[in-house]
Visitor: 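Let me give you the structure first, and then I'll get to my questions.
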Amino acid sequence: MRFILVLMVIPFFLQAEERVEVKNGLLKVDLSSKEIQRYKNSRSAPTPLQKRVSVVAMPVYMPKEFIKNRDITIVADKNFYTISIPLKGALLMISGDRTYQQKVISGGEKLEKMMKLTDSKFMISEGIMGVDFQRHGVNYSLSVECDDPYGDSRCTKKSFLKKIYNDLILVGGDL
Amino acid sequence: MRIALLMVVALLFVSCQREPSAQNPSSKINKFSYTAAGYLFPPSSGDGKRGDNYIYAPNIRFPLENAPAYVNSQVYGVGGYLGAKGSLCDKRNYQYPWHDNYCEKRSWGMPLCPKGKGHQGDDIRSSTCEKNRYYAVAVERGIITKIGSYSVYLRGESGRTYRYLHLSSNSLKVKTGQRVSRGQRIGLVSNNMGSTPTSIHLHFDVKETIMVGNRAQTVYIPIYTSLVDSYKRLLRGRP
């Protein structure tokens with residue numbers, strides 16, 4: 001009898017994978033007052049740029065090298081932003097997002113491990129070099145797309161985007 | 001009298017061209033078939049997440065304006081780089097059943113695939129093997145956030161980011177920063193991949209942020225079940 005009961009229970013354990021629940025929400029921005037002060041002291045970003053991103057309720061990062069670039073395109077909302085920077089033969093993009101769409105409510109240990117493996121990893125997908133990373137509790141994405149995805153070293157080697165990633169600076173947001 | 005007869009014959013001819021059965025949504029939906037999510041074809045093309053029938057992006061509109069469309073592998077399909085010999089336009093690539101290719105073998109990190117790597121999205125062929133003929137459309141209301149040399153990014157009101165790849169650059173009907181409505185035309189399906197053309201298809205993938213415990217991370221979500229669901233609605237005439 002016990003054996004039969006065990007057999008009946010086993011399938012439930014086998015199916016105990018992650019359970020997902022739809023639940024939109026906002027991530028808490030974790031930016032210390034020290035970091036805010038450091039940003040305010042630096043005043044590195046031009047005022048027009050700061051004004052354009054002032055609506056975003058999270059720290060706005062962009063590559064230091066391009067903060068004075070007049071060709072950048074900014075699409076911003078309270079909870080996200082995307083900055084596109086045209087380069088010769090390529091397009092650089094950084095975006096930030098403080099929303100989440102799903103919450104795993106049980107059995108997510110395996111998924112959490114898998115997610116850690118891809119965090120902040122530079123990867124090429126469909127010829128586009130990119131990296132997703134977390135900072136201050138929210139999510140950012142940095143990528144470069146080339147007109148020649150298989151011949152342009154900016155999209156075939158990590159070094160270009162890594163340098164950009166290391167040179168990101170805080171340029172504003174509703175801090 | 002002759003004119004009247006000619007008109008009757010012409011009317012009969014026109015009505016025959018309409019293919020009444022193809023106009024009937026129920027017959028269209030009856031013809032549609034698909035293999036379950038996570039079952040890749042050929043099986044050697046990768047290990048999918050079987051048994052996960054959860055619809056991660058519910059109620060999206062199907063990303064192509066019109067049916068029929070075919071979700072299957074480009075790389076492992078007929079004429080593909082690792083597929084059976086033949087033309088990319090082989091009719092076997094343009095028939096049901098659909099096959100999920102979200103976890104198809106790639107080196108890209110994919111936490112939601114069993115091996116932690118995969119294709120990120122699903123490849124979709126339009127009705128026929130013709131480029132610059134069939135429109136990709138907005139799957140939900142949102143804003144166009146980026147347009148690259150062969151990509152268009154749509155951020156939906158849900159917070160998800162939808163990526164459309166390989167549309168013809170010259171055909172784009174949207175601009176960066178433009179708000180779009182559900183079903184609004186974005187551009188024509190093509191083989192655009194910058195200076196290196198690919199096969200004619202739409203690569204469609206969806207990024208969203210998932211919370212596990214206190215950890216939040218942006219990932220590409222399995223999209224196949226959402227595509228099946230939205231395609232059924234398209235076939236029923238309620239996209």
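As the structure is a prediction and not an experimental result, all values here were calculated from the model. Just so it is clear, the values below take in all heavy atoms, side chains as well, and ignore hydrogens, waters and symmetry mates. The sequence lines fix the lettering, A, B, ..., with proteins before strands; numbering per chain opens at 1.
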Visitor: Contact between Phe80(A) and Ile143(B) at the side-chain level, heavy atoms closer than 4.5 Å - yes or no?
Guide: yes
Visitor: Working to the nearest 0.5 angstrom, can you tell me the gap between Thr161(B) OG1 and Asp97(A) CG?
Guide: 6.5 Å
Visitor: Hey, are the side chains of Glu208(B) and Tyr100(A) touching, using non-hydrogen atoms and a 4.5 Å cut-off?
Guide: no
Visitor: Atom NZ in Lys207(B), atom OG in Ser95(A): separation rounded to 0.5 Å?
Guide: 7.0 Å
Visitor: Atom NE2 in His119(B), atom CD in Glu126(A): separation rounded to 0.5 Å?
Guide: 4.5 Å
Visitor: Is Ser125(A) close to chain B through its backbone or its side chain, or both, or neither, when contacts mean heavy atoms under 4.5 Å?
Guide: both
Visitor: Can you tell me if Arg182(B) has over 12 outside heavy atoms packed within less than 6.0 Å of its CZ?
Guide: yes
Visitor: Flag the pair Ser195(B) / Asp147(A) as yes when at least one side-chain heavy-atom distance between them is below 4.5 Å, and no otherwise.
Guide: no
Visitor: Using a heavy-atom cutoff of under 4.5 Å, enumerate the residues of residues 148-171 of chain A that contact chain B, numbered in order, or state 'none'.
Guide: Asp148(A), Pro149(A), Tyr150(A)
Visitor: For residues Leu91(A) and Gly148(B), report the shortest heavy-atom separation together with the two atoms involved.
Guide: CD2-CA, 3.8 Å
Visitor: Sub-3.5 Å donor-acceptor pair from the side chain of Gln102(A) to the main-chain atoms of Tyr56(B), do we have one?
Guide: yes
Visitor: Give the member of Gly177(B), Ser151(B), Gly194(B) that has the highest number of heavy-atom pairs under 4.5 Å with chain A.
Guide: Ser151(B)
Visitor: Answer with side chain, backbone, both or neither: which region of Lys115(B) has an atom nearer than 4.5 Å to a non-hydrogen atom of chain A?
Guide: backbone
Visitor: Looking at CD1 of Ile147(B) and OG1 of Thr73(A), how far apart are the two atoms once the value is rounded to the nearest 0.5 Å?
Guide: 9.5 Å
Visitor: In Å, rounded to the nearest 0.5 Å, how long is the span from CD of Gln134(A) to OG1 of Thr209(B)?
Guide: 9.0 Å
Visitor: Which residues pass the side chain to side chain contact (heavy atoms under 4.5 Å, CB included) test with Ser126(B), not counting sequence neighbours?
Guide: Leu64(B), Tyr134(B), Val189(B)
Visitor: By a 4.5 Å heavy-atom criterion (distance strictly below it), what part of Met93(A) contacts chain B: side chain, backbone, both, or neither?
Guide: side chain
Visitor: Between Ala57(B), Ser149(B), Gly109(B), which has the largest tally of heavy atom pairs under 4.5 Å with chain A?
Guide: Ser149(B)
Visitor: Look at Ile221(B), Val219(B), Thr196(B) and state which one has the largest set of heavy-atom pairs under 4.5 Å with chain A.
Guide: Thr196(B)
Visitor: What part of Thr218(B) lies closer than 4.5 angstrom to a heavy atom of chain A: side chain, backbone, both or neither?
Guide: both
Visitor: Check Lys146(B) with Glu145(A), please: is the shortest side-chain N to carboxylate O separation under 4.0 Å?
Guide: yes
Visitor: Do Thr99(A) and Arg155(B) have side-chain heavy atoms sitting under 4.5 Å apart?
Guide: yes
Visitor: Does Tyr150(B) reach the side chain of Ile128(A), with side-chain heavy atoms less than 4.5 Å apart?
Guide: yes
Visitor: Under 3.5 Å, side chain of Trp108(B) to main-chain N/O of Met123(A), donor-acceptor pair present?
Guide: no
Visitor: So how far is it from Gln217(B) CD to Ser120(A) OG, rounded to the nearest 0.5 Å?
Guide: 8.0 Å
Visitor: Kindly indicate, with the supporting measurements, whether the criterion side chain to side chain contact (heavy atoms under 4.5 Å, CB included) is fulfilled by Met211(B) and Gln101(A).
Guide: CA-CA 8 Å; Met211(B) 273 202 85; Gln101(A) 286 70 47; over 6 Å; no
